[in-house]
Amino acid sequence: MKNTPELLKDMNDRSREVFRRVVEGYLENGDPVGSRTLTRDFSEKVSAATIRNVMQDLEYLGLLNSPHVSAGRIPTQLGLRMFVDSMIEIGDPTELDREKIDATLGNNSSDVGGLLDRIGSALSGVTHGASLVLTPKHEAPIKHIEFVSLSPDRALVVLVFSDGHVENRLFTPPPGQTPSSMREAANFLNAFVEGKTISELQRSIKQEIAKHRQEIDVLAQQLVESGAVLWDAEGEHSERLIVRGRSNLLGGEAEAEDLDRIRSLFDDLERKRDIAEFLELAEDGDGVRIFIGSENKLFSLSGSSLVVSPYMNADRKVIGAVGVIGPTRLNYGRIVPIVNYTAQLVGKLISDRN
């Protein structure tokens with residue numbers, strides 16, 4: 001299978017124009033585009049039969065598909081990918097779209113979570129999709145860690161950061177933990193944790209355990225190795241991913257099979273799993289990334305598209321992500337600059353506050 005640049009190179013001007021007009025028509029109204037529609041305002045005088053032949057060639061290349069016999073054509077996932085990569089015109093967000101996003105900043109509250117919640121609501125309102133905002137973890141260096149046993153299957157970890165911030169996280173410890181094994185685990189971590197952020201600690205923990213394996217009790221080692229107490233605590237994920245505007249995906253024209261896919265998407269969003277992967281999607285690319293249909297490994301069952309961009313702190317380190325999810329028939333040319341603008345705005349706000 002040829003990649004999209006090769007396919008585009010093999011197409012002549014007429015094929016490219018037919019393809020572009022089919023995709024633009026589909027993105028605008030969601031309906032298949034027929035040959036007669038294209039002949040009305042085509043750049044050269046051609047017959048509907050000629051247009052149909054071109055569309056058949058594009059279908060053979062895997063770029064278009066005919067949903068019903070004798071109907072017009074719609075772009076395939078490959079076709080949408082080629083359009084997004086090679087033919088879409090990305091400008092700046094409109095002044096009105098910027099104003100709607102900027103209006104969320106009027107309340108100069110120190111509550112970053114509340115601010116990102118409002119930005120997520122504005123983003124879903126502007127794009128008419130569901131917005132996803134991954135809030136930043138607290139990335140100040142850790143000063144001290146303490147474990148507190150509450151019951152055989154429930155414990156608390158207390159994280160004290162160098163900036164005075166304190167987090168208490170409930171977690172389920174590995175079986176058999178005792179107050180003494182928790183003390184030993186805390187002592188082990190505190191011996192090398194100071195000055196490290198949670199992310200840095202997560203990266204170095206396995207090496208530290210391997211280096212000092214003989215010095216730590218088996219139960220305490222299990223507690224440290226589990227890692228759950230530090231970067232995967234219960235409730236943290238749901239607090240870190242803000243989802244707004246799910247109702248926007250339930251458009252009045254949605255067919256039964258579309259509704260099933262949307263329900264599948266809702267289930268994914270409700271569980272809010274794989275949040276680390278969501279951030280990886282953004283971190284892997286420079287700026288905005290677009291995932292269409294099954295390319296989007298988090299929500300592939302729902303056949304949705306995801307437009308996502310990371311945001312960074314003052315040190316140019318990726319600390320979170322902003323995205324919009326919706327049907328594959330997104331207005332990519334409009335939504336990409338909005339997501340990019342919002343991500344840059346969030347990064348600046350976080351940097352300024354810190």
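Side-chain atoms of N53 and T50 include no donor-acceptor pair closer than 3.5 Å.
Shown here is E95, whose CD atom has no more than 12 heavy atoms of other residues, nucleotides or ligands within 6.0 Å. The 12-atom threshold is exceeded at CG of N12, counting heavy atoms of other residues, nucleotides or ligands nearer than 6.0 Å. Other residues, nucleotides and ligands contribute more than 12 heavy atoms inside 6.0 Å of the CZ atom of R20.
Remark: the backbone N or O of L63 is paired with a side-chain donor or acceptor of T76 at under 3.5 angstrom. No donor-acceptor distance shorter than 3.5 angstrom exists from the side chain of R73 to the backbone of N65, with no hydrogens or angles considered. Formation of a donor-acceptor pair under 3.5 Å by the Y311 side chain with backbone atoms of N340 is not found in this model. Without hydrogens or angle criteria, R244 side chain to L132 main chain gives no donor-acceptor distance under 3.5 Å. With hydrogens and angles disregarded, a donor-acceptor distance shorter than 3.5 Å links the side chain of K196 to the backbone of F192. Distance alone, capped at 3.5 Å, is enough to place a donor-acceptor pair between the S351 side chain and the G347 backbone. With hydrogens and angles ignored, the 3.5 Å screen pairs a side-chain donor or acceptor of R118 with a backbone N or O of T104. A donor-acceptor pair under 3.5 Å links the side-chain atoms of N248 to the main chain of S124, judged by distance alone. No donor-acceptor pair under 3.5 Å is formed between the side chain of T37 and the backbone N or O of V33. Judged by distance alone, the side chain of N190 and the main-chain N or O of A186 form a donor-acceptor pair under 3.5 Å.
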Notebook entry, point to check: Between R98 and D92, does a salt bridge (charged side-chain N to carboxylate O under 4.0 Å, His left out) hold up when you go through it step by step?
Noted result: CA-CA 9 Å; R98 286 200 307 270; D92 295 321; over 6 Å; no
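Separating the CE atom in M87 from the OH atom in Y332 is a distance of 15.5 Å, to the nearest 0.5 Å.
The nearest pair of heavy atoms linking I88 to G333 is CD1-N, 3.3 Å. Heavy atoms only, all atoms of each residue included: S131 and S121 are closest at OG-N, 4.4 Å. Across all non-hydrogen atoms, the minimal contact from G129 to V324 is CA-CG1, 4.3 Å.
Residues passing the ring-ring contact (aromatic ring centres under 6.0 Å, His included) test with F42, sequence neighbours excluded: none.
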